[in-house]
Every structure is written in structure tokens, then in C-alpha cells.
Amino acid sequence: MSLPFSFVFIFIVVPGIALFTAIYGILKRKKNEEILFRAGIAYLKRLRTLLMYIQQHRGLTNGFLSGNLSVINEIKRIEVVAAKEIADISAMDGWIQENPKWDSIIDHWQRIHANYQTLEAEVNLKQHNTLIANLLYLIDDLAYAHHLGKLGLIDATDTDWRNLLFIAEYIGQARALGMGVVSKGYCTSVLRIQLNHLVVKIESNINPSWSAAIQQDFRKLLKVIESQVITDAPTITPADYFKLATSCIEHVLVEFDRQVEKIQFHRT
């Protein structure tokens with residue numbers, strides 16, 4: 001006995017088409033999400049590098065404006081590599097080209113590196129801090145738009161990669177302020193308060209799961225700030241201080257890179 005065509009169409013063909021459409025939609029959405037995710041990771045890696053350069057520029061220019069003229073060549077080198085990074089990011093297709101915050105960041109950076117020598121040290125610091133804050137906001141927008149948030153598959157003991165960028169920024173601020181202090185050769189009461197505040201923030205973010213060597217470098221930096229920077233007569237050289245603070249930032253960024261690779265691994 002053959003079934004009526006209407007019965008076959010309504011109860012077999014239509015549900016079959018609906019099921020196929022639903023499955024196709026799910027697969028297409030997952031593919032689009034994967035494309036979006038991979039693009040987001042590519043953006044994130046480049047923006048992390050640009051952030052590092054701008055933070056270095058802040059510290060070096062604050063030293064320069066505080067009397068350490070020997071850093072001028074390093075400042076110029078940072079400006080060259082930062083310009084290349086910006087050009088490479090701008091050349092990437094998609095989200096970044098459509099984001100007005102990115103255009104604003106480029107414009108602000110160009111004004112900073114072109115005019116920092118005419119600014120007072122305090123104004124230069126504020127301009128860099130604003131630029132870096134906006135770049136961190138852009139990275140947060142990127143994470144939301146490209147589904148780069150912390151995944152449940154990541155170990156609960158790991159530090160969120162977003163937080164790692166903020167830890168690096170606390171150290172970056174301490175590096176920049178300290179460069180001004182050790183370049184001038186004295187620490188004002190205002191700078192002493194600011195640096196002490198950053199010392200507390202940095203110390204509270206030292207992860208017990210980090211290796212003993214990394215924790216030792218962090219403790220050394222904090223001790224140097226307290227005993228050789230926040231004093232009436234700083235005793236550490238600008239070059240040594242910049243190197244020490246930078247090594248701690250690099251530790252954090254290595255951990256950041258590990259987190260990003262781990263996220264990628266769990267998505268593949």
C-alpha cells in the first residue's frame with residue numbers, strides 16, 4: 001500500500017528539508033565562528049606586540065624628558081618598529097579596518113611620537129597612558145567580537161590572558177615613572193605615592209604558580225623600586241632599571257602568549 005503524496009510531503013519531505021536546513025545552518029555558523037576566531041587571534045597577537053612597543057616608548061621618552069638623552073636612538077628604533085606594526089595591522093582585512101577606535105589610536109600615536117620632545121614629562125606620560133588605555137579597550141572589544149574570552153577548558157588555576165595585559169601595564173607604568181625618577185636623580189612625594197601604589201598592585205598579582213625564577217625577578221624589581229628608586233637619592237642607573245622592569249614585563253607576555261596558544265589548542 002503506497003502512502004498518499006500529501007502524507008509523504010508533509011510528514012517526511014518537509015521535516016527532512018527542515019532538518020537538513022538546521023544542520024546546514026549550524027555547520028555554516030560554526031565555520032563562520034572559526035574564521036572569526038582565527039582572525040581574532042591574529043589581531044590579538046599583533047595588538048599585543050604594538051602595546052609592548054608603545055609601553056616601551058612611554059618609559060624611554062619619560063626618561064628622555066627627565067634628562068636621560070642617551071635613549072634617543074632607542075626611542076627612534078621603537079618608533080620605526082611600531083610604525084611597521086601599525087601598517088601591518090592596518091593592512092589586515094576585516095574588523096580592524098571598520099573600527100573607528102583603531103583610527104583614533106593611530107592618530108593619537110602619530111601625534112605623540114611627533115611631538116613628545118616639546119611636551120613636559122608629566123603631559124607626555126598622561127598622553128601615553130590614555131593611548132595605552134584605549135588600546136586595551138580595543139583589545140577588549142576584539143575579544144568580545146571574536147569570541148576570544150577564557151574558555152571553560154582552560155585550567156582554573158591559569159590567569160586570564162586579559163588580566164595578564166593589565167599586570168604588564170602596572171609594571172609598564174612603574175617602569176615609566178621610575179625612569180623619570182632615576183633619570184632626574186630624585187623622587188618627589190607625588191611620584192613616591194604613585195610608585196608605592198603600583199608596587200602594591202604588582203605584588204598582589206604575582207602568581208604563586210609562576211616559576212621560582214620569575215617570582216624572584218618580580219621580588220627583585222619591587223625591592224629595587226622600594227630601596228633604590230623611591231629614595232631621596234636613587235642609586236640604580238636608568239639603563240639597569242629599564243632592563244629589570246622590562247624583563248618582568250617579558251615574563252608576563254610569555255605567559256600571555258602561552259595562554260593564547262592554549263586557547264588555540266582547545267579550539268582545534
Side-chain angles (χ1 to χ4, degrees), residues 31-62 73-116 124-151 160-173 175-176 246 249-265 267-268:
K31 182 178 180 181
N32 289 338
E33 287 178 354
E34 185 62 27
I35 293 172
L36 195 66
F37 174 81
R38 291 184 182 278
I41 291 292
Y43 282 130
L44 182 60
K45 290 179 177 180
R46 303 309 291 262
L47 290 173
R48 164 262 201 245
T49 301
L50 178 61
L51 177 65
M52 177 186 68
Y53 290 147
I54 295 176
Q55 289 170 326
Q56 290 178 355
H57 191 269
R58 173 181 56 190
L60 292 168
T61 55
N62 194 45
N73 288 334
E74 184 62 12
I75 291 173
K76 291 178 179 179
R77 186 191 71 81
I78 292 296
E79 290 174 348
V80 169
V81 293
K84 183 181 183 304
E85 198 65 36
I86 287 173
D88 289 345
I89 295 171
S90 297
M92 298 173 72
D93 293 330
W95 180 83
I96 201 76
Q97 295 182 348
E98 302 166 0
N99 195 305
K101 288 183 181 179
W102 175 241
D103 293 333
S104 177
I105 286 170
I106 293 175
D107 178 69
H108 197 178
W109 163 249
Q110 290 174 340
R111 285 186 283 113
I112 284 178
H113 81 75
N115 301 309
Y116 78 86
N124 175 64
L125 267 178
K126 287 181 178 179
Q127 289 297 317
H128 276 88
N129 289 345
T130 299
L131 176 59
I132 289 167
N134 287 334
L135 186 52
L136 288 170
Y137 290 142
L138 180 69
I139 291 173
D140 207 46
D141 288 349
L142 167 74
Y144 178 80
H146 293 78
H147 311 293
L148 303 183
K150 186 176 180 181
L151 303 178
D160 186 349
W161 63 261
R162 286 188 184 91
N163 190 47
L164 289 168
L165 292 182
F166 284 101
I167 297 172
E169 173 57 6
Y170 297 147
I171 306 169
Q173 290 181 19
R175 178 177 62 186
T246 299
I249 293 175
E250 288 174 350
H251 287 318
V252 177
L253 294 181
V254 166
E255 176 63 17
F256 170 86
D257 293 341
R258 189 185 71 83
Q259 288 279 334
V260 173
E261 292 299 324
K262 199 169 187 179
I263 292 174
Q264 284 184 276
F265 174 78
R267 282 294 294 260
T268 57

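A distance of 4.0 Å separates CD of Gln127 from NE2 of His108, quoted to the nearest 0.5 Å. Here CG of Leu47 is found 10.0 Å from CD1 of Ile86. Values are rounded to the nearest 0.5 Å. Here the CG atom belonging to Asn163 is positioned 8.0 Å from the CZ atom belonging to Phe166, to the nearest 0.5 angstrom. The CD atom of Glu169 lies 4.5 Å from the CD1 atom of Ile132; values are rounded to the nearest 0.5 Å. Annotation: the span from Asn134 atom CG to Ser104 atom OG amounts to 6.0 Å, rounded to 0.5 Å. Here the CG atom belonging to Leu165 is positioned 10.5 Å from the CD atom belonging to Gln259, to the nearest 0.5 angstrom.
A donor-acceptor pair is defined here as one N or O able to donate and one able to accept, closer than 3.5 Å; such a pair exists between the side chain of Asn62 and the backbone of Ala176. Side chain of Asn115 to main chain of Arg111: a donor-acceptor pair is present (N/O by atom type, distance under 3.5 Å, no hydrogens or angles). Of the possible polar contacts, none joining the Tyr53 side chain to the Glu85 backbone as a donor-acceptor pair under 3.5 Å is found.
Taking all atoms of both residues into account, the shortest heavy-atom contact from Leu50 to Ala82 is CD1-O, 4.0 Å. The shortest heavy-atom contact between Asn124 and Arg58 is ND2-O, 4.4 Å. Between Ala145 and Trp95, the shortest heavy-atom distance links the atoms CB-NE1, 3.7 Å. When all heavy atoms of Leu253 and Ala168 are compared, the closest pair comes out as CD2-CB, 4.4 Å.
Glu261 and Arg258 are not joined by a salt bridge, as no carboxylate oxygen comes within less than 4.0 angstrom of a charged side-chain nitrogen. Between Glu79 and Lys76, no side-chain nitrogen of the basic residue sits less than 4.0 Å from a carboxylate oxygen of the acidic one, so the salt-bridge criterion is not met.
By the 4.5 Å heavy-atom criterion applied to side chains, Leu60 and Tyr116 are not counted as neighbours. Residues Ile89 and Trp102 form a side-chain contact, since some pair of their non-hydrogen atoms from C-beta on lies under 4.5 Å apart. Lys84 is listed as a side-chain neighbour of Asp88, based on a closest heavy-atom distance under 4.5 Å. Within the 4.5 Å cutoff, the side chain of Trp161 has heavy atoms near those of the Leu44 side chain. Residues Ile171 and Gln55 fail the side-chain proximity criterion, which asks for heavy atoms closer than 4.5 Å. Ile249 has its side chain out of reach of Met52: every pair of non-hydrogen atoms, C-beta onward, lies at least 4.5 Å apart. Within the 4.5 Å cutoff, the side chain of Leu138 has heavy atoms near those of the Ile96 side chain.
Applying the ring-ring contact (aromatic ring centres under 6.0 Å, His included) test to His128 and every residue at least two apart in sequence or in another chain returns His57. Residues passing the side chain to side chain contact (heavy atoms under 4.5 Å, CB included) test with Gln97, sequence neighbours excluded: Asp93.
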